[in-house]
Amino acid sequence: MSAGTSKRTVKDEAKNKLVIQTKGLVKTFGNFKAVDGLDLEIRKGQLYGLLGPNGCGKTTTIRMILGLLTITDGWAKVLGTRIPNKELMARIGYMPQETAVYRELTVHDNLELFGHMYEVPLDRMARRERELLDLVDLSDWRDSMAGDLSGGMMHRLSLACAMMHDPEVMFLDEPTVGVDPELRDNLWHHFQDLCKKGKTIILTTHYIEESRHCDLVGLMREGRIIAQDSPKELMRKAGTETLEDAFLFFTKDTARTKRLDKAVKELEEGEEE
Amino acid sequence: MKVRRTLAFSRRVLKQLRHDKRTFGFILLMPLIMIVVFGYTFAGDVKNVSVLLVDQDLPATVIVPGSGTGNFTTVNLTFGDYIDQGLNRDTLSIKTSDDLNGSMKTVRTSQFFQKSWAVIYIPKDFSKVFAQYLTKVAVSKVMMNKTQCEVTSNFWYDGSCHPFQSSNSEKYASKSECQGAGFKWYSNKCHEDFSDKVKWTRPECSAHGYFWYDAACHDGADLTVYIDGANPNIKGTVLKAVADAQLKAQAEVFAKNPALRKFQVDYPVVTKDDYAFDTGDIRFIDAFAPGIMAFAMLMVTTMITIFLFIEERKMGTLERLQASPATESEIVIGYALAFSLVSMAQATVILLTALGLFHIYIAPPVWYHILITYGFLIFLGMGHQCLGILLSSGAKNELQAIQFVPLIIFPSILLCGLLFPIESIPQYLRPISYIIPLTYCIDAVRGAMVRGLGLESLCCNGLALFVFLVVMLFGAIMLLKRRS
C-alpha cells in the first residue's frame with residue numbers, strides 16, 4: 001500500500017517536499033519478516049503517526065530509517081539522502097522507545113550532553129534547555145539525577161534530549177507513554193506547532209485515540225501498512241465513530257485474507273465435528 | 001572528528017563516575033587494597049633465567065707443602081670451569097661471552113625474548129687467587145716456625161701461623177674514624193683506599209689482606225655477578241644459583257684432587273651482586289608498585305567499560321549515540337580520554353601510597369620516569385577500554401560481564417609477570433604471557449621506575465602496546481559501526 005492520499009501531482013514539487021521516503025522496505029530476522037515491503041512518503045510539515053499493536057514492525061521501521069538496522073531489501077531516504085548517512089543525523093532527532101537517558105547524570109547534564117553531541121551553538125544551549133524543561137515540565141528537576149525521576153519524568157527528559165538541537169525531522173518512538181493526560185495534550189499541541197513551523201514528525205503510539213492529532217496515520221499490522229489516511233478519513237472509510245473502531249475494522253479486513261481466516265476456518269471445522 | 005563532541009563524552013563518563021560513589025571508591029580503593037595485601041607476597045620457582053657467563057679464568061697451581069721443609073706437591077686447576085659446571089642449567093639459561101662490557105650493556109638494554117638478567121663474571125685471576133688461598137691454608141696447616149711463616153707471606157700470632165689477617169679498615173665503625181685512619185667510607189662501611197694499593201709493597205699488601213702476584217698488589221679476583229635487580233625474585237634466584245655453584249665447585253675440586261683433601265676449607269668467595277643499574281637495594285614492593293599501577297589500570301578500565309557499555313546498550317543510549325552525528329571514533333576516544341584521567345588519578349594514588357607507606361624507589365630523574373610510566377599506562381588503558389567495548393558485546397548483562405574476570409583478568413594477573421616473574425612460568429604457558437599486553441606494560445613501567453630506562457630502551461614495549469591499541473581501537477570502532 002502506498003501513501004496515496006496526497007493530491008499533489010506535480011512530481012518535482014512533491015519530490016522537494018518529501019522528507020521521509022521508503023520504497024519496498026523489508027527487514028527479516030532469520031525466518032521472521034518484521035517489515036514487509038513498506039512504502040512511506042512523508043512530507044515536510046506533516047505529523048505522521050505510525051499505529052499498530054506491539055510487534056507489528058513500527059519500531060523496526062523507524063530503526064531502519066535511522067540506519068540503526070541494516071535494510072534487508074528496498075531503500076529509505078530522509079531529507080532526500082539515502083540512509084545510512086552520519087552527517088544527516090545532525091538534522092534528525094530520535095527518541096527511542098526505551099527511556100534512553102543517562103541515569104547517573106542530572107537532568108541538566110543529560111540535556112547538555114545532547115546539546116554538545118548535536119553541536120547546539122553554545123550561546124543558545126542554556127535558553128534551549130530552559131525552553132525544553134518548561135515544555136516537558138521538568139524545570140524544578142533540573143539538578144536531580146535522572147535515575148531518581150519517575151518513569152514518566154524520565155520519558156519526558158528523553159523527549160527533551162531528542163529535541164535539544166531543534167531538528168528538522170523527528171522520530172519519536174512512543175513519546176507519550178507514561179505521560180499524564182494534561183501534559184500529553186500539551187505535548188501534542190507542541191508537536192502540531194512544530195509541524196506548522198515546517199518540522200516533520202514521525203511517531204509511533206499504541207494509544208490509538210491519541211493519533212487523532214496526527215495529520216496522517218498509517219495503520220501497521222504484521223510488517224505492512226494496511227491503511228493510511230488522515231484520522232477523519234480513516235473513520236469515514238471504516239464508517240466508525242472512533243479511531244479505535246476504525247483500526248479494528250481495518251485489522252479485521254486484512255485478517256480475513258490472512259492467517260486468522262484460516263484459524264476461523266479450523267475453528268468452524270472443529271465445531272462441525 | 002569533533003573535539004567538542006569527544007570532550008562531551010569524556011565529561012559524561014567522568015560525571016557518571018563522580019555520581020556513582022561506590023564505583024568511584026572502587027577505582028581508588030581496589031589498587032590500595034591490592035598493594036597492601038599483595039605488597040609482600042611472591043612465589044613461584046624461577047626457571048630459565050637468561051644470564052651471560054664471562055669466564056676469563058686461567059689455570060693456576062696450588063702448592064701443597066709436604067711434612068718437611070722444601071717438600072712440595074703441585075696441583076693444577078681451573079676453578080672457573082668448576083663453577084661453570086656447577087651452575088644449575090635448569091634455573092639459568094646460560095650464554096657464554098668473552099666481552100664483559102658488551103655483556104653488561106646487554107643486561108642493561110635487553111628486553112623480553114632477548115632479556116638477560118645478569119652477567120656472571122669470572123675474572124682472569126680467579127683460579128690464581130683461589131690457588132694462592134689454598135696454598136696459604138695448606139701452609140697454615142703445616143707446622144711452621146715464625147720465620148717460615150712470615151717468609152711465605154703469612155701471619156704469625158697466637159703461637160701459630162695464620163694465612164689471613166682481617167681487613168684493617170673493618171674495625172672502624174664510624175665514618176670519621178674510618179676517614180681519619182685514611183680509609184674510605186661508603187656503603188655504610190669502612191673500605192680500603194683502593195687507589196693506594198698500587199703503591200703498596202708486598203708486606204703492606206699482605207697486611208691489608210690483599211694478594212700479591214705479578215709483582216703488584218691485587219684486591220683479589222672475586223667472582224662477580226652484575227645483576228639487574230629490577231626483579232628481586234630473579235635476583236635472589238640468580239645469586240642463589242651462583243652461590244650453589246660455588247659450593248658444588250669446591251666440593252668437586254676436593255673430590256677430584258686428593259692431594260688437597262686434607263686442606264679442605266670453604267673458600268670465602270664473595271659474590272658481589274653489583275647492580276647493572278644504579279638501583280640500590282630493590283625490594284619486592286619497589287618492583288610491585290609500578291606493576292600494580294598497570295594492573296589496577298587494566299582492571300578498572302576493562303571492567304568499568306564493559307559495565308558502562310552494557311548499560312548503554314540496555315538503556316538504549318548507545319542506540320541514541322549511533323543515531324546521532326557522533327562518529328564511532330568520537331565515542332571511543334571520548335571514553336578513552338575520560339579513562340586516561342581516571343587512571344592518572346588512580347596511578348597517582350598508588351604512587352603516593354607506595355611512596356608514603358613503603359618508600360618505594362624511583363630511578364632518577366624521578367619526574368621523567370613517572371611521566372614515561374603514565375604514558376605507558378594511558379596506552380594500556382586505552383587499549384583495554386577498547387577491549388572492554390568489544391567484550392561488552394559478548395555480555396548481555398552485568399552478571400555475564402563478571403564472567404570475564406576469570407577469563408581475562410586472572411590470566412593477566414597470573415601470567416603478566418606482576419606477582420611471579422615470567423621466568424617462573426612454565427615454558428608452555430609463556431607464549432600466553434607474551435600476548436598479554438599487560439606484560440609489556442609492566443615490564444616498561446618497571447624498566448622506567450626501577451631500572452631508570454629511558455624511552456629509547458622501551459621502544460619495543462611501546463611498539464607492542466601500540467599494536468595492541470591500534471588493533472583494539474579498530475575493533476571497537478568496527479563493533480560500534482556494526483548494525484544488525
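The sequence lines fix the lettering, A, B, ..., with proteins before strands; numbering per chain opens at 1. Predicted, not measured: the structure shown is a model, and the values here were computed from it. Values below: all heavy atoms of this structure, side chains included; hydrogens, waters and symmetry mates excluded.
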So, the part of B/L321 with a heavy atom under 4.5 Å from chain A: the answer is both
Cut-off 4.5 Å, heavy atoms of chain A, and the answer for B/E311 is side chain
| message | Apply side chain to side chain contact (heavy atoms under 4.5 Å, CB included) to residues B/V445 and B/M293 and explain how you reach the verdict. | response | CA-CA 9 Å; B/V445 295; B/M293 282 161 82; over 6 Å; no
inquiry  = Please tell me whether A/T200 and A/Q46 have a donor and an acceptor in their side chains that are separated by less than 3.5 angstrom.
reply    = no
Expected contact set for residues 126-160 of chain A against chain B at heavy-atom separation under 4.5 Å reads A/M145, A/S158
Ordered numerically, the heavy-atom neighbours of chain B under 4.5 Å found in residues 86-113 of chain A are A/K86, A/M89, A/A90, A/Y94, A/M95, A/P96, A/E98, A/T99, A/A100, A/V101, A/Y102, A/R103, A/E104, A/L105, A/T106, A/D109, A/E112, A/L113
If one checks every heavy atom of A/F171 against chain B at 4.5 Å, the contacting part turns out to be neither
Would you find a donor on one side and an acceptor on the other, under 3.5 Å apart, between the side chain of A/T204 and the backbone of A/L50? no
Interatomic distance, CD1@B/I372 vs CG@B/L377, rounded to 0.5 Å, equals 12.0 Å
Per-residue tally against chain A (heavy atom, under 4.5 Å) across B/R320, B/R482, B/R11 peaks at B/R320
Identify whether the distance between the nearest side-chain nitrogen and carboxylate oxygen of A/E41 and A/R43 falls below 4.0 Å. yes
Whether A/D173 and A/K58 form a salt bridge (side-chain N of Lys/Arg under 4.0 Å from carboxylate O of Asp/Glu) is what I want to check. no
**Item:** Neighbour count >12 (heavy atoms, 6.0 Å) for atom CZ, B/F410
**Value:** no
For residues 463-474 of chain B, please give each side-chain donor-acceptor pair under 3.5 Å, one per line with the distance, not counting sequence neighbours.
none

- Task: Test B/E330 against B/T6 for side chain to side chain donor-acceptor pair (under 3.5 Å), laying out the working first.
- Result: CA-CA 5 Å; B/E330 285 166 349; B/T6 309; 4.8 Å; no
*Side chain to side chain, A/M220 and A/L38, heavy atoms closer than 4.5 Å*: yes
Hits for ring pair (Phe, Tyr, Trp, His ring centres under 6.0 Å) against B/F309, two or more places apart or cross-chain, chain-then-number order -> B/Y335
